[in-house]
Every structure is written in C-alpha cells, then in structure tokens.
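What you see is a predicted model; the values in this text were computed from it and never measured. In what follows, chains carry the letters A, B, and so on, assigned in the order in which the sequence lines appear, proteins first and then strands, with residues in each chain numbered from 1.
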Amino acid sequence: MQIFNTLTKKKEDFVPINPPEVTMYVCGPTVYDFFHIGNGRTFIMSDIIRRYLEYKGYKVKYVMNLTDIDDKIIRKANEEHTDTKEISERYGNAFLEDISKLKIKKADVYPKATENINDIIKMISDLIDEGYAYNVSGNVFFNVNKFNGYGKLSGKKIDELEAGARIEINDEKTNPLDFSLWKKAKEGEPFWESPWGKGRPGWHIECSVMSLKYLGKTIDIHAGGSDLIFPHHENEIAQSEAVNKNQFVKYWVHFGFLNIQNEKMSKSLGNFFTARDILNKYSAEAIRLLFLQTHYAGPLNFSEELLSASEKGLEKIKNTIIKIKEIRESHKFGNEISELDFHYFKKQFEEAMDDDFNTPRALAVIFDFIKNINSEISQKEKLDEQFYIKADDYLTSTAVNVLALADLNNFKNESRNNLEDALIKTLIDLRIKAKNDKNYQLADEIRNRLKEIGIELMDSKTGSTYKIC
RNA sequence: GGCGGUGUGGCCAAGUGGUCUAAGGCGAAGGUCUGCAAAACCUUUAUUCGUCGGUUCAAAUCCGACCGCCGCCUCCA
C-alpha cells in the first residue's frame, strides 16, 4: 500500500511503526459554528482512510481534537453575551451529531484543548527550558530560528517567508515568523493560570500535546486540510520535534479544497454551505459518493447539480444491494453457476485503494462489478446461492464497510416494520388481483397513490417488491 | 514576489511512456423486458487529452515555451 506523503512529496510504501497498530491524528474543528461541507470533506476522507486501514487488518487508533478555546470562540461568545464554554459545547455537540449523520466512524478520543491545559503548560515549559521558546511579559513564542528543520513540510524557507512580509509586525517577537504558544489574557477574556501568568494556549500547541499524549512521540498518519500545511502543521512539527527529539509524523496526508465556482469554500468568503443544511436536502451517502469520485488530494468543485447526479449513481448501488439481500432472504435460488471472477474484482478494488486511496478507481471497480452482477442476474434463469453470497460479501466489504455508501441498518428498518410491511403487501396483493383482471386503471392507481406517500412498487415476473424512498 | 496545484467527452472524473481509437458515474439517443411504469440489461455517445514546438520506434503521459484557472505564504479543513 502506498500513501502520498506531503513531507517527502512522494508516494511511499506504507509501513506502520508498530503493526498491526496504526496511529492516526486528524485536525478537528474549532467549535465556534456549524462546520461547512468543505470541512466535511476532510472528515469524510479521513474516515475512508481509517476504514480502509481497518479493512486491511490494521488496528487504527484514531484521535481528532476539538479546538474549544480561541479568538473566534471568544468573539462569538461576546457577540451572544455568553461564555466560551457554552459556545464550544453547543458547537462541539453539533459537530458530533453532524459527523455521525455523515456516517463517519467515531474517533477513539476527541480531546479538547481546555481539558489538557496542564499538559500544554508542561510542553511549553519544556520548550522554554530547552531554549526553543521565550516569554515576553506573559506571551510565550516559539523561536523558529532555533529549530533546524523549520519549513521542511511546506517547502518554505525562513528568509523567503520574511521577505514575503505579509506577517503582522509584532514588537514582542524576535522574528515575525515566531508563533504563539501561550497568549496572555486580555481584559475580560477567559484564562488559565500558568507560570507566565493568566492566559490561554495558542492554537498549534494543542495538536502537538494531544498527539503525544494519546498516540505517542511518533505517529503513523497525521491528516488535515491543505490549508493547514503552513503554518499549522509546520509549527506542530517544530514544537513536537524540538521537545521529543523524535520524528513527529511518518506520513502527512493533506486533502484538497472543496471549491464553489472554482473558489475555495470558506467562512471568510461567505461561499459556504453547512454540512447540516446539505444533509437536510441530500443523503450522507450521496455526499460521500460525490467526494469519493475525486481523488482526495485534488480540488473538488461542489454544486447541488453534482450532488443530484451522485444521488442517482447511489441508487444503482443501493438497488443492487437490496436486490441481492431480498433474493437471499427469500431463498429463491436455482442451480446455475456463474463464471464471474469475484476474486478479480476484489483484487482490482484493493489495487485501487492501495494506490494512495484512489477512490475514483475503486468506485469504477464497484460499478463495474454491479453491472456484471446485474447482467448475470438478468441473463441467467436462476443462479445458485453461492453467487448471491459472494456478491453480498463483496459489496458489504467494499461499498458498505469501507466506503459507507449504504447503511444496512436502514434497509432493515425499512423492511422489518411488520405492520407496515403487512399493510403494503396487502395492497400489493390487491393490485396483482386487479392486474390479473386486466383492471389496469385500478392497478395504476394503487401504484401511483403509494408512490405519493413515498412507497415505490416495482413489478417483476415473480411479483412486486417495494421500496420506501 | 516566493512556493504549490490544475486544464481529459454535454457535466463530473480516472489514467502519468506502448494493453489508451482513454476506466467509471451523471446526462442523452435507440433497443430488450413490461399492460404501462420503475428497476435492470444490451447498443451508441472523445481517433482525442489547454495551445504550440521538441524528445522517442512509440506521448494524454517526458522536456520547453505560452495561455487559462485555483491555492498557500494572515485565521481557515
């Protein structure tokens, strides 16, 4: 398996430090608002990586932090005349709700900055003791010139950055590139006691601290949006490696932006949709399918038209899975044997995913598989049970478990509500009677009226099936 | 100014030296099945990969120039 590593700018063989364990850290949200669907791309694609690693037999330890204290949260709290805790809890909970709706597997831990203040203070103290950081009347900064490898992730050079000179001049810093580890509290701001006085942690330090605390000195994978490469991840490397004297991260993974009309979706441009709003109009699976159709590192132009197209494509996958399940449950098997090479499709799927999580290719394999399955079903009179077992296994392990493009629980709820099921079956029976009497007007009326309330009937030689939309 | 990404059919998108007259999805056209639908299947839908040159027996794929779009360098997934 190969992963493109931002640090080396190459695809590299994936060799975890301590197999079968894989440690993975993903930069989570700052909880000051609902997250937008562009942020959602990072969460979903990280989830795909995690799920595929599990498919490969790795035991993934997955940590995602929640930044629950920072300028934006303070500003929001002031605007609403409340405190930062209320804001961060509100949006932290909303975040957990939304990622759950997006069918993202839970992290092992969602550590919060404010719950790790002591560890943060400890790391800052260590950085000061070792000469990497300095305190200027209550503000502590990291001295980038002290850290040799500064710029190695983003490919930037310190002197060139200085020449760029778009950095705010701050008299307290010895170098404009130095970044805050500890921010002195201003009047009315929330604060924690520290050796440098009342204040709060800077943004970058929390990831270094929590990554170390929950996953160790060197972790396998650290992922996040491309906009975090500089300065956030660069700074994390500097802090962590300065203190730990160990390589911080083995594989850096960065996700491309979600664009709207070719522009990066962002809060500041105002061109965003919250994941929440999108989920009200489209299924989580369609959102996932849309994201999977583009490689994770490239840009993805987002539009509702594309989402609708994905919703259609998803139907094809879902219909096939439902059909296979129904045939298995009804035991309507024959004894015809399929020549279909299931092993080939499994291999193709794995080759695609092994190649830096090439989900567009993996999807092509799945769609190809589905076409073959349906083709077999429509060409042969009755296939044997083995065929359906293998087809079911394949789609469950790939489309359902790795890509989460279908939720088996939902299918069950749809068909297992006994009363509802019996009612619909009664109507179906009556309609078949009408059909047999060539009373097509009545038959069509039953079908149309059921459709109006969201129940779609589909006729086949053996009878009618239904699905709830 | 520095660094990076990207340009493939109507739309989205994979492919980075020969298997490419280019995967897959959406859309469109025709057909099979059906009382009609829906679903599904079959067939068709790029001799061409931003433009112009070059390297090579061979290029969407390598090199050069040019054009277009986007991003990072400031908080940002």
Considering only heavy side-chain atoms of A:N262, the closest of B:C26, B:C70, B:A13 is B:C70
In Watson-Crick or G-U wobble terms, with both distances under 3.5 Å, the base opposite B:G27 is B:U45
Return the orientation label for the A:F34 and A:Y91 ring planes: parallel under 30°, perpendicular over 60°, tilted otherwise. perpendicular
Which atom pairs, one a donor and one an acceptor, fall under 3.5 Å between side chains of residues 357-367 of chain A and the rest of the protein, sequence neighbours left out?
unit_1: A:N358; atom_1: OD1; unit_2: A:R361; atom_2: N; d: 3.1
unit_1: A:T359; atom_1: OG1; unit_2: A:L292; atom_2: O; d: 2.8
unit_1: A:R361; atom_1: NH1; unit_2: A:D355; atom_2: OD2; d: 3.0

| query | Under 3.5 Å, side chain of A:R41 to main-chain N/O of A:G256, donor-acceptor pair present? | reply | yes
B:C20 -> Watson-Crick or G-U wobble partner, both distances under 3.5 Å, gives none
Exercise for the section: Verify whether the ring centers belonging to A:F248 and A:H222 lie closer than 6.0 Å. Expected result: yes
Hydrogens and angles aside, do A:Y32 and A:D71 bring a side-chain donor and acceptor to less than 3.5 Å of each other? no
Given protein heavy atoms under 4.0 Å, the one-letter contact record of nucleotides 4-12 of chain B, with B base, S sugar-phosphate only and - none, is simply --------S
Do A:N319 and A:K467 have side-chain N/O donor and acceptor atoms under 3.5 Å apart?
yes
Quiz item: Between A:T23 (side chain) and A:D220 (backbone), is there a donor-acceptor pair under 3.5 Å?
Solution: yes
Polar atom pairs (N or O), protein with nucleotides 15-18 of chain B, under 3.5 Å:
unit_1: B:G15; atom_1: OP1; unit_2: A:N358; atom_2: ND2; d: 2.8

Rounded to whole Å, CG of A:L300 lies from P of B:A77 at a distance of 17 Å
**OP:** Give me the ring orientation class for A:F14 and A:Y251: parallel if the planes are under 30° apart, tilted from 30 to 60°, perpendicular past 60°.
**Re:** tilted
Exercise. Using distance alone, with no hydrogens and no angle criterion, decide if A:E326 and A:S330 have a side-chain donor and acceptor under 3.5 Å apart.
Key: no
- Message: With the criterion set at under 5.5 Å between ring centres and under 30 degrees between planes, would B:G24 be stacked on A:F367?
- Response: no
Whichever of A:A443 and A:T42 has the more 5' nearest nucleotide on RNA chain B, that residue is A:A443
Protein heavy-atom contacts under 4.0 Å, written 5' to 3' over nucleotides 36-42 of chain B as B (base), S (sugar-phosphate only) or - (none), form the string BBBSSSS
Rounded to whole Å, CZ of A:F291 lies from C1' of B:C26 at a distance of 17 Å
The Watson-Crick or G-U wobble partner of B:C66, with both key distances under 3.5 Å, is B:G50
Whole-Å distance, A:D368 CG to B:A13 P, equals 21 Å
Return a table of donor-acceptor pairs under 3.5 angstrom between the side chains of residues 99-110 of chain A and protein atoms on other chains or two or more places apart.
unit_1: A:K103; atom_1: NZ; unit_2: A:E285; atom_2: OE2; d: 2.8
unit_1: A:K103; atom_1: NZ; unit_2: A:D407; atom_2: OD2; d: 3.3
unit_1: A:K105; atom_1: NZ; unit_2: A:E54; atom_2: OE1; d: 2.7
unit_1: A:D108; atom_1: OD2; unit_2: A:Y62; atom_2: N; d: 2.6
unit_1: A:Y110; atom_1: OH; unit_2: A:A107; atom_2: N; d: 3.0

Does the A:N5 side chain pair with the main chain of A:K10, one donor and one acceptor, at a distance under 3.5 Å?
no
Whole-Å distance, A:E236 CD to B:A77 C1', equals 13 Å
Can we call the ring centroids of A:F349 and A:F369 under 6.0 Å apart?
-> no
Self-check item: Phosphate-side-chain proximity, A:K312 and B:G27, N/O vs OP1/OP2 below 4.0 Å
Solution: yes
By nearest-heavy-atom nucleotide on RNA chain B, the more 5' of A:S154 and A:N39 is A:S154
Contact check, residues 265-275 of chain A vs RNA chain B, heavy-atom distance under 4.0 Å, returns A:M265
To the nearest angstrom, the CD-P distance between A:E206 and B:A77 comes to 11 Å
Examine the base of B:C76 for any acceptor or donor lying under 3.5 Å from a partner atom in the side chain of A:K72, and report the outcome as yes or no.
no
What's the gap between B:G30 and B:G50 when it is taken at their P atoms, as a whole Å value?
32 Å
Charged tip of A:K267 within 45° of A:F272 ring normal and under 6.0 Å:
yes
A:Y55 ring center within less than 6.0 Å of A:Y52 ring center: yes
